[in-house]
Amino acid sequence: MIRIEAERKKVGRPALVTRERLVDKGIEITLPKLTMKGMAAALGVSEMSVFRNVGNLENLYLTVAEGICERMELPDPTEFTTPREYLHRLSEDLLAQNVRYPGIAAYLSHLTPQSLSAFELMDRLSSAYAQHFGWDLGAASAAVNTITGTVVALSAQFAPEASTRLTVLQVDEERFPALVAGSVFLKARPEYQVSSFSLTIEALMDGVFSRLGYSPEGLAL
(Lines give C-alpha, C1' and ligand atoms only; values in the text may rest on other atoms or scores of the structure.)
Protein backbone atom coordinates (compact mmCIF):
# COMPACT_ATOMS: atom_id res chain seq x y z
CA MET A 1 0.00 0.00 0.00
CA ILE A 2 1.42 3.37 -1.00
CA ARG A 3 1.22 5.90 1.78
CA ILE A 4 1.84 9.46 0.66
CA GLU A 5 1.75 12.29 3.15
CA ALA A 6 -1.08 14.70 2.39
CA GLU A 7 -0.31 18.35 1.73
CA ARG A 8 -0.53 20.23 5.00
CA LYS A 9 -3.01 23.10 4.99
CA LYS A 10 -1.38 25.09 7.74
CA VAL A 11 1.09 27.88 8.23
CA GLY A 12 4.69 26.78 8.46
CA ARG A 13 7.15 24.68 6.57
CA PRO A 14 5.47 22.75 3.72
CA ALA A 15 5.76 18.96 3.54
CA LEU A 16 8.94 17.90 1.78
CA VAL A 17 7.61 14.52 0.67
CA THR A 18 4.27 14.70 -1.11
CA ARG A 19 2.88 12.77 -4.05
CA GLU A 20 3.17 15.84 -6.29
CA ARG A 21 6.82 16.39 -5.40
CA LEU A 22 7.62 12.70 -5.83
CA VAL A 23 6.17 12.82 -9.33
CA ASP A 24 7.90 16.11 -10.18
CA LYS A 25 11.30 14.85 -9.08
CA GLY A 26 10.69 11.41 -10.55
CA ILE A 27 10.13 12.99 -13.96
CA GLU A 28 13.38 14.92 -13.60
CA ILE A 29 15.27 11.78 -12.63
CA THR A 30 13.39 9.66 -15.25
CA LEU A 31 11.86 6.26 -14.59
CA PRO A 32 14.86 4.20 -15.81
CA LYS A 33 17.19 5.99 -13.37
CA LEU A 34 14.80 6.12 -10.40
CA THR A 35 16.28 5.07 -7.05
CA MET A 36 15.36 5.71 -3.44
CA LYS A 37 18.71 7.40 -2.86
CA GLY A 38 18.33 9.60 -5.94
CA MET A 39 14.81 10.62 -4.95
CA ALA A 40 15.93 11.48 -1.42
CA ALA A 41 18.72 13.67 -2.79
CA ALA A 42 16.35 15.39 -5.22
CA LEU A 43 13.87 16.14 -2.44
CA GLY A 44 16.53 17.16 0.06
CA VAL A 45 15.46 14.56 2.61
CA SER A 46 16.85 11.32 4.03
CA GLU A 47 16.31 7.98 2.33
CA MET A 48 14.37 6.90 5.42
CA SER A 49 11.91 9.72 4.83
CA VAL A 50 11.23 8.44 1.33
CA PHE A 51 10.91 4.87 2.61
CA ARG A 52 8.40 5.96 5.24
CA ASN A 53 6.22 7.49 2.54
CA VAL A 54 6.36 4.90 -0.24
CA GLY A 55 7.64 1.75 1.38
CA ASN A 56 9.91 0.50 -1.39
CA LEU A 57 11.30 1.23 -4.85
CA GLU A 58 8.45 -0.60 -6.60
CA ASN A 59 5.90 1.71 -4.99
CA LEU A 60 8.01 4.75 -5.79
CA TYR A 61 8.16 3.68 -9.44
CA LEU A 62 4.39 3.13 -9.47
CA THR A 63 3.74 6.54 -7.93
CA VAL A 64 5.85 8.36 -10.51
CA ALA A 65 4.56 6.34 -13.49
CA GLU A 66 0.93 6.81 -12.49
CA GLY A 67 1.57 10.51 -11.97
CA ILE A 68 2.97 10.72 -15.50
CA CYS A 69 -0.16 9.04 -16.89
CA GLU A 70 -2.26 11.70 -15.16
CA ARG A 71 -0.19 14.45 -16.80
CA MET A 72 -0.14 13.04 -20.32
CA GLU A 73 -1.46 15.49 -22.90
CA LEU A 74 -3.45 13.52 -25.48
CA PRO A 75 -5.97 14.84 -28.05
CA ASP A 76 -9.72 15.12 -27.50
CA PRO A 77 -11.78 13.17 -30.10
CA THR A 78 -14.31 16.03 -30.32
CA GLU A 79 -11.69 18.17 -32.07
CA PHE A 80 -11.56 15.82 -35.08
CA THR A 81 -13.92 15.12 -37.97
CA THR A 82 -13.11 11.47 -38.64
CA PRO A 83 -11.82 8.55 -36.55
CA ARG A 84 -8.83 8.23 -38.87
CA GLU A 85 -7.75 11.82 -38.28
CA TYR A 86 -8.10 11.37 -34.55
CA LEU A 87 -6.26 8.06 -34.27
CA HIS A 88 -3.40 9.38 -36.38
CA ARG A 89 -3.00 12.41 -34.11
CA LEU A 90 -3.38 10.23 -31.02
CA SER A 91 -0.55 8.01 -32.23
CA GLU A 92 1.73 10.98 -32.89
CA ASP A 93 0.97 12.66 -29.57
CA LEU A 94 1.40 9.43 -27.60
CA LEU A 95 4.75 8.88 -29.28
CA ALA A 96 5.74 12.41 -28.26
CA GLN A 97 4.73 11.71 -24.66
CA ASN A 98 6.85 8.57 -24.65
CA VAL A 99 9.81 10.71 -25.71
CA ARG A 100 8.99 13.39 -23.16
CA TYR A 101 8.80 10.85 -20.31
CA PRO A 102 11.61 8.29 -20.73
CA GLY A 103 10.60 4.87 -19.45
CA ILE A 104 6.84 5.41 -19.55
CA ALA A 105 6.48 3.15 -22.61
CA ALA A 106 7.97 0.25 -20.64
CA TYR A 107 5.49 0.92 -17.84
CA LEU A 108 2.53 1.05 -20.22
CA SER A 109 3.67 -2.24 -21.74
CA HIS A 110 3.44 -4.04 -18.39
CA LEU A 111 0.39 -2.70 -16.57
CA THR A 112 -0.78 -4.29 -13.33
CA PRO A 113 -4.02 -4.06 -11.30
CA GLN A 114 -2.42 -1.08 -9.53
CA SER A 115 -2.10 0.89 -12.79
CA LEU A 116 -5.36 2.72 -12.16
CA SER A 117 -4.41 6.06 -13.71
CA ALA A 118 -3.28 4.35 -16.91
CA PHE A 119 -6.54 2.39 -17.06
CA GLU A 120 -8.58 5.52 -16.40
CA LEU A 121 -6.77 7.33 -19.21
CA MET A 122 -7.45 4.60 -21.77
CA ASP A 123 -11.04 4.14 -20.62
CA ARG A 124 -11.69 7.87 -20.93
CA LEU A 125 -10.17 8.04 -24.42
CA SER A 126 -12.16 5.01 -25.64
CA SER A 127 -15.44 6.29 -24.19
CA ALA A 128 -14.98 9.75 -25.72
CA TYR A 129 -14.09 8.16 -29.07
CA ALA A 130 -17.23 5.99 -29.04
CA GLN A 131 -19.50 8.87 -28.08
CA HIS A 132 -18.12 11.39 -30.56
CA PHE A 133 -17.86 9.11 -33.59
CA GLY A 134 -20.93 7.00 -32.86
CA TRP A 135 -19.02 3.74 -32.51
CA ASP A 136 -19.98 0.73 -30.45
CA LEU A 137 -18.13 1.06 -27.14
CA GLY A 138 -16.42 -2.30 -27.49
CA ALA A 139 -15.27 -1.58 -31.04
CA ALA A 140 -14.03 1.86 -29.98
CA SER A 141 -12.02 0.36 -27.15
CA ALA A 142 -10.55 -2.26 -29.49
CA ALA A 143 -9.50 0.39 -32.02
CA VAL A 144 -8.04 2.85 -29.52
CA ASN A 145 -6.17 0.19 -27.57
CA THR A 146 -4.81 -1.48 -30.70
CA ILE A 147 -3.38 1.81 -31.95
CA THR A 148 -2.01 2.96 -28.60
CA GLY A 149 -0.62 -0.48 -27.78
CA THR A 150 1.24 -0.55 -31.07
CA VAL A 151 2.63 2.95 -30.52
CA VAL A 152 3.90 1.95 -27.09
CA ALA A 153 5.50 -1.21 -28.47
CA LEU A 154 7.20 0.69 -31.31
CA SER A 155 8.26 3.76 -29.34
CA ALA A 156 11.86 2.72 -28.88
CA GLN A 157 12.27 2.07 -32.59
CA PHE A 158 10.45 5.06 -34.05
CA ALA A 159 10.70 7.88 -31.51
CA PRO A 160 13.94 9.40 -32.87
CA GLU A 161 12.63 9.63 -36.45
CA ALA A 162 8.87 10.10 -35.99
CA SER A 163 8.91 13.59 -37.45
CA THR A 164 11.16 12.82 -40.42
CA ARG A 165 10.07 11.86 -43.92
CA LEU A 166 11.08 8.85 -45.93
CA THR A 167 14.39 9.25 -47.74
CA VAL A 168 16.27 7.10 -50.23
CA LEU A 169 18.65 4.82 -48.36
CA GLN A 170 22.27 5.86 -48.74
CA VAL A 171 23.71 2.38 -49.22
CA ASP A 172 25.57 0.50 -51.94
CA GLU A 173 22.95 -0.12 -54.65
CA GLU A 174 24.88 -3.02 -56.16
CA ARG A 175 25.18 -4.77 -52.81
CA PHE A 176 21.66 -4.00 -51.55
CA PRO A 177 19.52 -3.54 -54.69
CA ALA A 178 16.21 -4.54 -53.07
CA LEU A 179 16.59 -2.08 -50.18
CA VAL A 180 17.39 0.82 -52.48
CA ALA A 181 14.60 -0.13 -54.92
CA GLY A 182 12.06 -0.24 -52.11
CA SER A 183 13.18 3.13 -50.79
CA VAL A 184 12.96 4.71 -54.26
CA PHE A 185 9.55 3.09 -54.83
CA LEU A 186 8.07 4.65 -51.68
CA LYS A 187 9.77 7.99 -52.24
CA ALA A 188 8.12 8.34 -55.67
CA ARG A 189 4.57 7.96 -54.33
CA PRO A 190 2.86 10.99 -52.71
CA GLU A 191 0.73 8.81 -50.46
CA TYR A 192 3.88 7.47 -48.84
CA GLN A 193 5.58 10.81 -48.27
CA VAL A 194 5.40 10.38 -44.52
CA SER A 195 7.67 8.96 -41.84
CA SER A 196 8.06 5.23 -41.37
CA PHE A 197 6.08 5.60 -38.15
CA SER A 198 3.15 7.31 -39.90
CA LEU A 199 3.18 4.71 -42.65
CA THR A 200 3.01 1.96 -40.05
CA ILE A 201 0.07 3.58 -38.26
CA GLU A 202 -1.79 4.22 -41.53
CA ALA A 203 -1.45 0.55 -42.51
CA LEU A 204 -2.55 -0.52 -39.04
CA MET A 205 -5.66 1.67 -39.21
CA ASP A 206 -6.57 0.13 -42.57
CA GLY A 207 -6.57 -3.29 -40.95
CA VAL A 208 -8.37 -2.21 -37.77
CA PHE A 209 -11.19 -0.43 -39.60
CA SER A 210 -11.64 -3.30 -42.04
CA ARG A 211 -11.70 -5.95 -39.32
CA LEU A 212 -14.19 -4.00 -37.20
CA GLY A 213 -16.53 -3.28 -40.14
CA TYR A 214 -15.86 0.42 -40.72
CA SER A 215 -14.89 2.43 -43.80
CA PRO A 216 -11.26 3.48 -44.50
CA GLU A 217 -12.03 6.75 -42.71
CA GLY A 218 -13.50 4.91 -39.74
CA LEU A 219 -17.15 5.59 -40.59
CA ALA A 220 -19.93 3.05 -40.19
CA LEU A 221 -20.69 1.07 -43.35
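Not measured: the values here are computed from a predicted model.
Distance alone, capped at 3.5 Å, is enough to place a donor-acceptor pair between the Thr148 side chain and the Val144 backbone. The backbone N or O of Leu137 sits nowhere less than 3.5 Å from a side-chain atom of Ser141 that would complete a donor-acceptor pair. In this structure, Glu217 contributes its side chain and Arg84 its backbone to no donor-acceptor pair below 3.5 Å.
At a threshold of 4.0 Å, the pair Arg100-Asp93 does not count as salt-bridged, since none of the basic side-chain nitrogens sits closer than that to a carboxylate oxygen.
Between Met122 and Asn145 the shortest side-chain heavy-atom distance falls below 4.5 Å. Taking 4.5 Å as the limit, every side-chain heavy atom of Ile147 sits out of range of all side-chain heavy atoms of Thr150. Considering only heavy atoms from C-beta on, Tyr101 stays 4.5 Å or farther from Leu31 through its side chain. At least one side-chain heavy atom of Asp24 sits less than 4.5 Å from a side-chain heavy atom of Arg71. The shortest distance between side-chain heavy atoms of Leu43 and Leu16 does not fall below 4.5 Å. Side-chain contact between Trp135 and Leu212: present, with at least one pair of heavy atoms (C-beta onward) separated by less than 4.5 Å. Residues Val45 and Arg52 are not in side-chain contact: their nearest non-hydrogen atoms beyond the backbone lie 4.5 Å or more apart. Between Val208 and Leu87 there is no side-chain heavy-atom pair separated by less than 4.5 Å.
Gln114 and Thr112 are linked by a side-chain donor-acceptor pair at a separation below 3.5 angstrom, with hydrogens and angles left out of the test.
Leu219 and Phe209 fall into different hydrophobic clusters, where Ile, Leu, Val, Met, Phe, Trp and Tyr side chains are chained together by heavy-atom contacts under 4.5 Å. Both Leu111 and Ile68 belong to a common hydrophobic cluster when Ile, Leu, Val, Met, Phe, Trp and Tyr are linked at side-chain heavy-atom distances under 4.5 angstrom.
From Tyr107, atom OH reaches atom CG of Leu62 across 4.5 Å, with rounding to the nearest 0.5 Å. Interatomic distance, Leu34 CG to Lys25 NZ, rounded to the nearest 0.5 Å: 13.0 Å. Phe133 CZ to Thr78 OG1: the interatomic distance, rounded to the nearest 0.5 Å, is 8.5 Å. In this structure, CG in Leu95 is found 11.0 Å from CG in Leu90, a value given to the nearest 0.5 Å. Put simply, CG on Asn56 and CE on Met36 are 6.5 Å apart, with the number rounded to the nearest 0.5 Å. The structure places CZ of Arg124 at 8.5 Å from CG of Leu74, a figure rounded to the nearest 0.5 Å.
Among all heavy-atom pairs drawn from Pro77 and His132, the shortest one is O-CD2, 3.0 Å. For the residue pair Val54 and Leu22, the shortest heavy atom distance occurs at CG1-CD1, 3.8 Å. Minimum heavy-atom separation, Val152 to Ala105: CG1-O, 3.2 Å. Scanning both residues, Met39 and Gly26, for their nearest heavy atoms gives CE-N, 3.6 Å. Summarising the geometry of Gly218 relative to Pro83, their closest heavy-atom pair is O-CG, 3.2 Å, with the distance given to 0.1 Å. The shortest heavy-atom contact between Tyr129 and Ala140 is CD2-CB, 3.4 Å.
Listed by first and then second residue, the ring-ring contact (aromatic ring centres under 6.0 Å, His included) pairs that reach into residues 62-81 are Phe80-Tyr86, sequence neighbours excluded.
When the shell of 6.0 Å around CD of Glu70 is examined, it contains more than 12 heavy atoms from other residues, nucleotides or ligands.
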### Task
List the steps, then state whether side chain to side chain contact (heavy atoms under 4.5 Å, CB included) holds for Glu120 with Glu66.
CA-CA 10 Å; Glu120 288 175 0; Glu66 285 287 277; over 6 Å; no

#### Entry: Audit row: Ile104, Met72, side chain to side chain contact (heavy atoms under 4.5 Å, CB included) steps and yes/no
CA-CA 10 Å; Ile104 194 61; Met72 278 190 164; 3.7 Å; yes

